[in-house]
2 protein chains.
Amino acid sequence: MTTLKDLSRHLGLSVTQVSRALNDHADVSEKTKVRVRDAAKSLNYEANVLARRLVTGRSGIVGLVYPTMPDPSDSWYFMQFVAGLSKEFSRLGRQFMLHMPDDAGDHLDVYDRLVRSRSIDGFIIMTPMVADPRVNFLRSRSVPFVLHGQTMDEPDYPFFDIDNMAVGYDLTAYLADRGHREIAIINGNPGASFVERRFDGYRQALRERGLPNRAQFEAAGMMTADLGLLETVRMFQSDGPKPTGIIASNLRIAKGIISALNAMGLRVPQDVSVVAHDDKLPDVSAESLGSGLTTTEAPLGDSWEPLARFLNATLDGAPLSEVQEVGPHSLVERGSVAVR
Amino acid sequence: MTTLKDLSRHLGLSVTQVSRALNDHADVSEKTKVRVRDAAKSLNYEANVLARRLVTGRSGIVGLVYPTMPDPSDSWYFMQFVAGLSKEFSRLGRQFMLHMPDDAGDHLDVYDRLVRSRSIDGFIIMTPMVADPRVNFLRSRSVPFVLHGQTMDEPDYPFFDIDNMAVGYDLTAYLADRGHREIAIINGNPGASFVERRFDGYRQALRERGLPNRAQFEAAGMMTADLGLLETVRMFQSDGPKPTGIIASNLRIAKGIISALNAMGLRVPQDVSVVAHDDKLPDVSAESLGSGLTTTEAPLGDSWEPLARFLNATLDGAPLSEVQEVGPHSLVERGSVAVR
DNA sequence: TAACGTTGCCGAAACGTTTCGGTAAATAGC
DNA sequence: GCTATTTACCGAAACGTTTCGGCAACGTTA
């Protein structure tokens, strides 16, 4: 394999100058640069990344620690995410590495080891918690990272997110403004930041309109059709008021809600209205649920490009203002809501 | 960050001896080893992989170049594969990196770049072709790799595979031995080694029994339910003899076959018998197809452990005999075959 | 006691880059 | 014509490991 030394010998230049020429530094004459580049090409020279990494102290690799083995139904999303990040980073000249620890937990030890052995330059963090230990840990070690989402405090780190509070608010307001007074929400795992933000939006919309905020109308859990089904049945079988409108935090939950309503002989939207947030994953579509589901939508698939870009820019020293973004979402009416 | 030098100063030992102690070399006294290990732990020392890589010339990273963006229905399998390899390698002290090139093709250029820049020590190669250019390329550069499958020639490389010829043979023989004379097979993409081997087994079983081997009874394509459906319809709508037994190369194809038969008013197994190979993927189960499908089975999920182990051993210099294995498969009768 | 193998240790070189500090020669300023 | 600046280059150090060759001290053997 050709090294810089070979090249320098061959050209009658110092190793220093050859290195600087190839890296396009200012104090190399244009003529020499051309000469060096030609020689590099003809000698089939490719820089040894291992040596470069040692001296720069950077591995050139960014990582994602995937917390759990995803549910089979999440696998398409997972794959899209991994593939998207992988490609995006390779386009940006970095490598992306996935780490899947065996056991559950926040895996701070995994981060610690990766950081200490200097094998990872920066991290992508998915679905952050309200107070996320990973964020605190990486911040304390001043290791670069980018969040898919935000924690609850003012973000002093790079992130890409959608306005989940607005999502919760918009869906609630949509139902309320059409006369619904008893509105339930079936949300994701408690503690996850996006879940709490959607709850916040939901509560704020209720509060502003003087509508009741009932504890038994707030459900949370792993976002599956089963959750939607079970929680809907629970709400309709317990004593007290029944919801006339239900908000689902994703389409799988919505699917479960609709199954439950059908099973109980309730029609959508005549008896109960249903709205949901749609991540635009290919496993379920809002059109195909019932006779079309009214949703807020924001494609999850649009997130990896900014995430990769932001982490990359951060590693290149970009200021915080350039690596924070709240992406758009929109409301699409499809007729799963009746006016009361 | 603690370095070897810090450690050696702290212990009053030479850097050499500290390094050798941590790497468990023979010429370090047991007492010193313990002392060094304790100090390393208490000083929170973790070897700088970048330096180690430079001096050993090895990146410690193995790679998989995933050829295409998998079909959504393949994503669970893909994820299992990636997760399995990732974990397995991390257990073995290596890191696993996925590369997903944008465009289709052999991606020999991708392999070339990864090899030349010394960023990957070895590769896992999935679904090899009968004559696989990647195998030839890596062999010519003497880069270690392991095959999930085999090419058609005598394998002089590490691999894990199942006996696909036997799979084709067993399924065919099972039908033939129950009186079927017109047996069709719907297989995977032509050129893939496992596909051709199953065809070979199918043909051999027919030949040995003096049964006709009709070109129109051999179908191949992307292994989806659509393929099974379309090819079944084609076989029954064209002139000439109709199959009384159909072999599906996986359960998705089988599902399509059964849909087609149902649509045409044919019953399984009374009118047409169906058997399949079952990879034990969680999206379809042999039990739930029709009233239970007779299959050969070999869990794909059992493959990544040997694959990782073999590549790892190869990198550590293990002889070929220890890194080649043909895994088991079994035949499970479930009553989708009628005796004629 | 002399020769010899074993044990436990060390200094220095090597891996192939990048970069710091310095230095001649060429150019510019006045 | 003299000083100041710019241009183009170089030697050497640094990054943190692993490993090669050597070397004392010690016990064993004859």
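Letters go in sequence order (proteins before strands), and every chain restarts at 1.
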Checklist entry - Would you call B:D316 and B:R94 a salt bridge, using N to O less than 4.0 angstrom? => result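 Salt bridge between B:D316 and B:R94, a charged N being under 4.0 Å from a carboxylate O: yes.
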Item to check | Toward the 5' end of DNA chain C, by each residue's nearest nucleotide, B:V18 or B:T56 | outcome: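 Its nearest nucleotide lies further toward 5', so the answer is B:V18.
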Item to check | First of B:T32 and A:Y45 reached from the 5' end of DNA chain C, by closest nucleotide | outcome: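 Going by which nucleotide is closer to the 5' end, it is B:T32.
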Next on the checklist: Per the ring pair (Phe, Tyr, Trp, His ring centres under 6.0 Å) rule, what does the pair list look like for residues 29-55 of chain B, sequence neighbours excluded?
Outcome noted: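 Sorted pair list comes back empty.
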Checklist entry - Side chains of A:D121 and A:S59: do they bring a donor and an acceptor to under 3.5 Å? => result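 Result is yes, a qualifying pair exists.
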Item to check | Opening and closing nucleotides of DNA chain D in contact with chain A, under 4.0 Å to non-hydrogen atoms | outcome: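 First and last nucleotides in contact are D:dA8 to D:dG16.
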Item to check | Residue whose closest nucleotide on DNA chain D lies nearer the 5' end, B:A51 versus B:R20 | outcome: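 Closest to the 5' end, via its nearest nucleotide, is B:A51.
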Next on the checklist: Both A:E30 and B:A47 contact DNA chain D. Which one's nearest nucleotide lies toward the 5' end?
Outcome noted: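 Residue closer to the 5' terminus by nearest nucleotide: A:E30.
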Next on the checklist: Under 4.0 Å, heavy atom to any atom of DNA chain C: which of residues 114-122 of chain B qualify?
Outcome noted: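 Nothing qualifies; none.
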Test your reading of the model: is there a side-chain donor-acceptor pair from [X] to the backbone of [Y], 3.5 Å cut-off?
X      : Y      : answer
B:T32  : B:V28  : no
B:R58  : B:L315 : yes
B:T151 : B:D132 : no
B:N23  : B:R20  : no
B:S8   : B:K5   : yes
B:N312 : B:R309 : no
A:D38  : A:R35  : no

Item to check | Sorted by number, the residues of residues 7-17 of chain B with heavy-atom contact under 4.0 Å to DNA chain D | outcome: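 Those residues are B:V15, B:T16.
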Next on the checklist: Please identify which of these residues, A:Y157, A:Y111, A:F145, meets the ring pair (Phe, Tyr, Trp, His ring centres under 6.0 Å) condition with A:F123.
Outcome noted: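 With A:F123 as partner, A:Y157, A:Y111, A:F145 yield a single ring pair (Phe, Tyr, Trp, His ring centres under 6.0 Å), made by A:Y111.
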Checklist entry - So what does A:N48 hit on the nucleic acid, given a heavy-atom distance under 4.0 Å: a base, only sugar-phosphate, or nothing? => result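 Sugar-phosphate only.
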Checklist entry - What does the inter-axis angle of the helix from C:dT1-D:dA30 to C:dC30-D:dG1 come out as, five pairs per end, nearest 10 degrees? => result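 Helix axis angle between the two ends: 40°.
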Next on the checklist: List the residues meeting salt bridge (Lys or Arg N to Asp or Glu O under 4.0 Å) with B:E30, not counting sequence neighbours, and say none if there are none.
Outcome noted: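 B:E30 satisfies salt bridge (Lys or Arg N to Asp or Glu O under 4.0 Å) with B:R37 once adjacent residues are dropped.
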Checklist entry - Rounded to the nearest Å, what distance is computed from the CG atom of residue B:L4 to the P atom of nucleotide C:dG11? => result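 Atom CG in B:L4 sits about 14 Å away from atom P in C:dG11.
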Checklist entry - According to the interplanar angle, ranging from 0 to 90°, do the rings of A:F160 and A:H148 count as parallel (below 30°), tilted (30 to 60°) or perpendicular (above 60°)? => result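 It falls in the parallel class, under 30°.
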